[in-house]
A.B. asks: 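Below is a structure I'd like to ask you about.
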Amino acid sequence: MSPFIATIKKINNIDSLNIVEFDFAEIPLKMMSLDLNKDVQIGKKVRLAVKPTNISIAKKLFGEISLSNQLVANIKSVENGQLLSSIILEVNDTIFESIITADSSKRMNLQKYEQVTILIKASDLSILEVLND
């Protein structure tokens with residue numbers, strides 16, 4: 001998991017579907033959820049998480065895409081294995097890990113210090129805990 005802290009900015013809900021909006025170092029993020037803990041309230045700080053296998057990487061984006069969460073990141077390291085690659089990324093002093101296929105890493109020629117965009121579906125983001133201020 002790649003945990004990080006954000007602040008809840010807005011909660012939209014219809015029936016049991018919730019779209020929660022966050023501020024992560026002035027970067028807007030969205031999460032889709034069916035159930036929300038009663039402690040999840042606007043203004044609260046939360047620890048968010050995303051699985052490394054749910055973080056996609058793009059070098060160039062053209063046009064609009066449906067993924068709500070797009071963060072510009074710097075590559076800290078690239079470890080290519082036989083089947084999978086571990087890409088360590090940094091966004092505003094926060095470390096994320098992306099696990100992608102080694103073929104994709106090599107095809108994209110991902111390099112240390114390179115700037116990329118990480119993409120996270122709203123349904124892949126989750127709240128680990130609500131933090132007490």
Side-chain angles (χ1 to χ4, degrees):
M1 289 272 184
S2 294
F4 56 101
I5 296 173
T7 303
I8 300 170
K9 290 297 181 188
K10 188 175 180 182
I11 301 171
N12 293 314
N13 60 0
I14 296 176
D15 298 324
S16 63
L17 178 62
N18 302 281
I19 302 293
V20 183
E21 297 180 25
F22 304 94
D23 174 45
F24 165 62
E26 299 185 15
I27 301 168
L29 299 175
K30 290 185 182 182
M31 177 189 80
M32 182 182 350
S33 176
L34 292 176
D35 296 313
L36 285 182
N37 181 307
K38 63 178 174 50
D39 294 332
V40 174
Q41 299 172 7
I42 294 171
K44 290 273 194 170
K45 290 193 183 303
V46 294
R47 188 175 318 280
L48 298 175
V50 59
K51 293 179 184 178
T53 52
N54 290 340
I55 296 178
S56 298
I57 298 174
K59 279 183 130 177
K60 298 176 186 174
L61 290 174
F62 299 101
E64 294 292 322
I65 61 171
S66 65
L67 280 80
S68 301
N69 304 312
Q70 303 174 32
L71 300 91
V72 175
N74 292 310
I75 297 176
K76 302 299 280 182
S77 70
V78 177
E79 290 184 32
N80 291 319
Q82 290 182 322
L83 297 176
L84 298 176
S85 293
S86 170
I87 315 300
I88 303 300
L89 305 140
E90 184 177 41
V91 177
N92 294 333
D93 297 324
T94 299
I95 301 298
F96 292 84
E97 180 184 21
S98 176
I99 302 290
I100 61 175
T101 64
D103 287 346
S104 289
S105 175
K106 291 172 187 171
R107 176 179 42 80
M108 294 174 71
N109 192 28
L110 296 175
Q111 301 292 317
K112 186 175 181 178
Y113 305 120
E114 188 171 23
Q115 193 172 75
V116 294
T117 301
I118 60 177
L119 307 164
I120 305 167
K121 289 175 56 177
S123 59
D124 290 337
L125 201 56
S126 62
I127 297 174
L128 284 181
E129 68 177 311
V130 177
L131 302 173
N132 296 322
D133 294 293

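Side-chain atoms are counted along with the backbone in the values below, which use heavy atoms only and exclude waters and symmetry mates. Numbering of residues begins at 1 and proceeds along the displayed sequence.
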A.B. asks: Are the side chain of Asn69 and the backbone N or O of Lys30 linked by a donor-acceptor pair below 3.5 Å?
C.D. replies: yes

A.B. asks: Gln111 vs Asn109, test: side-chain hydrogen bond (donor to acceptor under 3.5 Å, both in side chains). Steps then yes/no.
C.D. replies: CA-CA 6 Å; Gln111 301 292 317; Asn109 192 28; 2.7 Å; yes

A.B. asks: With sequence neighbours excluded, what pairs up with Glu79 under the salt bridge (charged side-chain N to carboxylate O under 4.0 Å, His left out) test?
C.D. replies: none

A.B. asks: With a 4.5 Å cut-off on side-chain heavy atoms, are Phe4 and Leu29 touching?
C.D. replies: yes

A.B. asks: Please determine which of Leu119, Ile100, Ile118 meets the side chain to side chain contact (heavy atoms under 4.5 Å, CB included) test together with Ser56.
C.D. replies: Leu119

A.B. asks: Any chance CG of Asp35 has more than 12 other-residue heavy atoms, nucleotides or ligands included, within less than 6.0 Å?
C.D. replies: no

A.B. asks: Walk me through whether Leu128 and Val46 qualify under side chain to side chain contact (heavy atoms under 4.5 Å, CB included).
C.D. replies: CA-CA 7 Å; Leu128 284 181; Val46 294; over 6 Å; no

A.B. asks: Between Asn37 and Asp39, is there a donor-acceptor pair closer than 3.5 Å when you use the side chain of the first and the backbone of the second?
C.D. replies: yes

A.B. asks: Listing request: all salt bridge (Lys or Arg N to Asp or Glu O under 4.0 Å) pairs with a residue in residues 53-76, at least two apart in sequence or in separate chains.
C.D. replies: Lys59-Glu114, Lys76-Glu90

A.B. asks: Does any donor atom in the side chain of Thr7 or Asp23 lie under 3.5 Å from an acceptor atom in the other side chain?
C.D. replies: no

A.B. asks: Take a 6.0 Å sphere around CD1 of Ile14 and say whether it holds more than 12 heavy atoms from other residues, nucleotides or ligands.
C.D. replies: no

A.B. asks: For a quick test of reading the model, state the closest non-hydrogen atom pair linking Leu125 to Met31 and the distance between them.
C.D. replies: O-CG, 3.1 Å

A.B. asks: List the atom of Phe24, the atom of Ile5, and the distance in Å for their closest heavy-atom pair.
C.D. replies: CD1-O, 3.3 Å

A.B. asks: Please step through salt bridge (charged side-chain N to carboxylate O under 4.0 Å, His left out) for the pair Glu129 and Arg47, ending with a clear verdict.
C.D. replies: CA-CA 5 Å; Glu129 68 177 311; Arg47 188 175 318 280; 2.9 Å; yes

A.B. asks: Looking only at side chains, do Ser33 and Asn18 share a donor and an acceptor under 3.5 Å apart?
C.D. replies: no

A.B. asks: Would you sort out whether Leu71 and Ile120 count as a side chain to side chain contact (heavy atoms under 4.5 Å, CB included), showing the intermediate values?
C.D. replies: CA-CA 9 Å; Leu71 300 91; Ile120 305 167; 4.3 Å; yes

A.B. asks: Show, in sequence, the C-alpha distance, side-chain angles and deciding distance for Leu89 and Ile57, and conclude whether the side chain to side chain contact (heavy atoms under 4.5 Å, CB included) test is met.
C.D. replies: CA-CA 10 Å; Leu89 305 140; Ile57 298 174; 4.3 Å; yes

A.B. asks: Quick one, Val40 and Ile8 - any side-chain contact, counting heavy atoms below 4.5 Å?
C.D. replies: yes

A.B. asks: Given side chains that start at C-beta, do those of Glu21 and Ile11 come closer than 4.5 Å, heavy atoms only?
C.D. replies: no

A.B. asks: Taking C-beta and beyond as the side chain, do Gln70 and Ile65 meet within less than 4.5 Å on heavy atoms?
C.D. replies: yes

A.B. asks: Taking side chain to side chain contact (heavy atoms under 4.5 Å, CB included) as the test, write out the residues that go with Glu97, two or more places apart.
C.D. replies: Ser2, Pro52, Ser86, Ile88, Ile99

A.B. asks: On a heavy-atom basis, which atom in Ala102 and which in Gly81 lie closest, and how many Å separate them?
C.D. replies: CB-O, 3.4 Å

A.B. asks: Can you name the closest pair of heavy atoms from Ile55 and Ser98 and give their distance?
C.D. replies: O-OG, 2.6 Å

